[in-house]
Amino acid sequence: MKVVVLVLAALAVTGCGGQKAPGDGRAGETSLEISISLGGKDAPTKLWTLRCPTGGTLPDAASACSRLEGIDEPFAPPPKGVACTEIYGGAEVADVQGTFRDEPVHTRFTRSDGCEIARWNRVRFLFPSS
């Protein structure tokens, strides 16, 4: 019984393995370059920058920084082995690179299926007028 109490106490102190909740005030630099193409090689490309806590060329950067901080792992790919609906959401492509919470980011967002559309929509505020 003492062992169970000690384990539970240790988990409470470490926060169940040290995992932090979204928006828990994690400090770290965010400096992103966002490139949005409306599809195809000849389609116009929009370029934005985002520097947090606030700055860059992205419209309403302060709001974007705040919203981004509230999302846990906003740049993670869709989970492997998950069935995705075969819905095509459009030819838009967004490339995001730089740093988020001092961690490197280099990812591409598409709207090629249901999982990718959901991923896109989660951070849609980073892709104005797309």
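Within the structure, the disulfide (SG to SG under 2.5 Å) test picks out the following pairs touching residues 67-109 (sequence neighbours left out): C84-C115. Under the disulfide (SG to SG under 2.5 Å) criterion, the residue pairs touching residues 47-77 are C52-C65, with sequence neighbours excluded. Residue pairs meeting the side-chain hydrogen bond (donor to acceptor under 3.5 Å, both in side chains) criterion with at least one partner in residues 55-65, sequence neighbours excluded, are T49-T57.
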| query | Passes side chain to side chain contact (heavy atoms under 4.5 Å, CB included), V93 versus F109? Steps please. | reply | CA-CA 6 Å; V93 174; F109 289 83; over 6 Å; no
| field | Steps toward side chain to side chain contact (heavy atoms under 4.5 Å, CB included) verdict (D113, Y88) | value | CA-CA 5 Å; D113 62 34; Y88 181 69; over 6 Å; no
| task | Kindly indicate, with the supporting measurements, whether the criterion salt bridge (charged side-chain N to carboxylate O under 4.0 Å, His left out) is fulfilled by E116 and R111. | result | CA-CA 5 Å; E116 291 292 344; R111 297 168 48 87; over 6 Å; no
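The CG atom of L50 lies 5.5 Å from the CG atom of L32; values are rounded to the nearest 0.5 Å. Note: F100 CZ to I71 CD1 = 7.5 Å, rounded to the nearest 0.5 Å.
The salt bridge (charged side-chain N to carboxylate O under 4.0 Å, His left out) check on R108 picks up D95, with sequence neighbours excluded. Under the rule for a side-chain hydrogen bond (donor to acceptor under 3.5 Å, both in side chains), S66 has no partner lying at least two apart in sequence or in another chain. Listed by chain and number, the residues in a side-chain hydrogen bond (donor to acceptor under 3.5 Å, both in side chains) with S31 are R51 (sequence neighbours excluded).
Look at R101 and E29 and you find no salt bridge, because none of the NZ, NE, NH1 or NH2 atoms lies under 4.0 Å from a carboxylate O.
For the pair F125/L58, no side-chain contact is recorded, criterion being any heavy-atom separation below 4.5 Å from C-beta on.
F127 and W120 have tilted rings, their planes meeting at an angle from 30° to 60° on a 0 to 90° scale.
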